[in-house]
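To start, the structure itself, in structure tokens.
For reference, positions follow the sequence shown, starting with 1. Hydrogens, waters and symmetry mates play no part in the numbers below; they use all other heavy atoms, side chains included.
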Amino acid sequence: MSSQTDMWMEFAKSFGLLFAVLAFFLMSLYLIRRFSGRLGTKGSIELIKVSSVYHLSPKEKLVLVSVLGESILIGVSPGGISSLARFDKSPETPLKPSQTAAGFQNLLKKSLKKSNRTDEMAQDSHSSNFCVDSGKEEAS
């Protein structure tokens, strides 16, 4: 009977060591993941900065990102990420955090109005140069 209890004791020791090794492994992964972002940022230059985020729906949003002095408006959706507009310089508005959303909306409206005006002017100049052919020929 003692051989059977010795076998169970060895099984319990093996299982306990396996549990301890797995717990140590998971704890190390957690600590590495948690503190890895903080260690690399000391003295580094911030090249990419998220200026503002505007949520359109739970899975869709607009993100204004500043990269090397240029601002890029990015659309994020479950289908992917796309660049919507580019600005030469980043908007510098002295807004309080509570006013940031309204400032972003105004910036977006102004840029869309500007792009719509330039698109309309381009369409007007193209349409005045072309003659529309109805497909009917005049009988002479």
Side-chain angles (χ1 to χ4, degrees):
M1 187 104 168
S2 71
S3 66
Q4 210 172 24
T5 57
D6 288 339
M7 184 179 74
W8 282 109
M9 287 301 290
E10 292 298 321
F11 177 73
K13 286 180 186 177
S14 298
F15 185 74
L17 285 173
L18 177 64
F19 180 75
V21 168
L22 286 176
F24 176 74
F25 179 69
L26 291 174
M27 184 59 95
S28 350
L29 283 177
Y30 171 75
L31 292 174
I32 288 171
R33 202 165 170 197
R34 178 166 174 116
F35 295 112
S36 66
R38 295 182 185 170
L39 298 176
T41 58
K42 291 183 180 177
S44 65
I45 299 171
E46 189 175 287
L47 297 176
I48 300 173
K49 179 182 175 190
V50 176
S51 300
S52 182
V53 178
Y54 181 74
H55 294 274
L56 300 171
S57 71
K59 294 186 178 181
E60 297 174 340
K61 59 186 169 183
L62 295 173
V63 181
L64 186 62
V65 180
S66 297
V67 180
L68 298 174
E70 181 182 16
S71 291
I72 303 169
L73 182 63
I74 298 173
V76 179
S77 69
I81 299 172
S82 58
S83 175
L84 301 176
R86 293 181 182 268
F87 306 100
D88 291 336
K89 59 181 182 175
S90 60
E92 307 227 354
T93 57
L95 297 176
K96 297 176 185 170
S98 62
Q99 298 173 329
T100 306
F104 180 70
Q105 289 174 354
N106 292 335
L107 176 67
L108 180 62
K109 285 178 185 177
K110 287 178 185 177
S111 69
L112 290 176
K113 285 180 185 178
K114 187 189 328 180
S115 67
N116 285 341
R117 277 189 251 134
T118 57
D119 289 343
E120 289 172 1
M121 290 185 346
Q123 287 176 355
D124 289 342
S125 66
H126 289 307
S127 64
S128 64
N129 293 337
F130 296 109
C131 179
V132 177
D133 185 16
S134 65
K136 296 179 184 177
E137 294 184 23
E138 291 182 20
S140 47

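Note: Phe15 and Phe11 have parallel aromatic rings, judged against thresholds of 30 and 60 degrees for the angle between ring planes.
For Ile48, the CD1 atom sits in a loose shell: 12 or fewer heavy atoms of surrounding residues, nucleotides or ligands are nearer than 6.0 Å. Within a 6.0 Å sphere centred on CE of Met7, other residues, nucleotides and ligands contribute more than 12 heavy atoms.
Neither Leu29 nor Val21 shares a network with the other; the hydrophobic side chains, linked directly or stepwise wherever heavy atoms of I, L, V, M, F, W or Y lie under 4.5 Å apart, form separate groups for each. Under the 4.5 Å side-chain heavy-atom criterion for grouping Ile, Leu, Val, Met, Phe, Trp and Tyr, Val50 is connected to Leu68 within one hydrophobic cluster. The hydrophobic cluster containing Phe24 does not contain Ile32, counting ILVMFWY residues as joined when their side-chain heavy atoms lie under 4.5 angstrom apart, directly or transitively. Taking hydrophobic clusters as Ile, Leu, Val, Met, Phe, Trp and Tyr residues chained together by side-chain heavy-atom distances below 4.5 Å, Met27 does not share a cluster with Phe19.
Rounding to the nearest 0.5 Å gives a distance of 12.0 Å between OG of Ser66 and CG of Leu47. Distance CG/Leu64 to OG/Ser52: 6.5 Å, rounded to 0.5 Å. Taking OG1 from Thr5 and CD from Glu10, the interatomic distance works out to 10.5 Å, rounded to the nearest 0.5 Å.
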Exercise. Dump the intermediate steps for side chain to side chain contact (heavy atoms under 4.5 Å, CB included) on Leu73 and Phe87, then the final yes or no.
Key: CA-CA 8 Å; Leu73 182 63; Phe87 306 100; 4.3 Å; yes
Exercise. Check the pair Leu56 / Lys61 against side chain to side chain contact (heavy atoms under 4.5 Å, CB included), numbers first and verdict last.
Key: CA-CA 5 Å; Leu56 300 171; Lys61 59 186 169 183; 5.6 Å; no
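Heavy-atom minimum distance, Glu60 versus Ser77: CG-CB, 3.9 Å. Taking every heavy atom of both residues into account, Leu62 and Gly75 meet most closely at CD2-CA, 4.2 Å.
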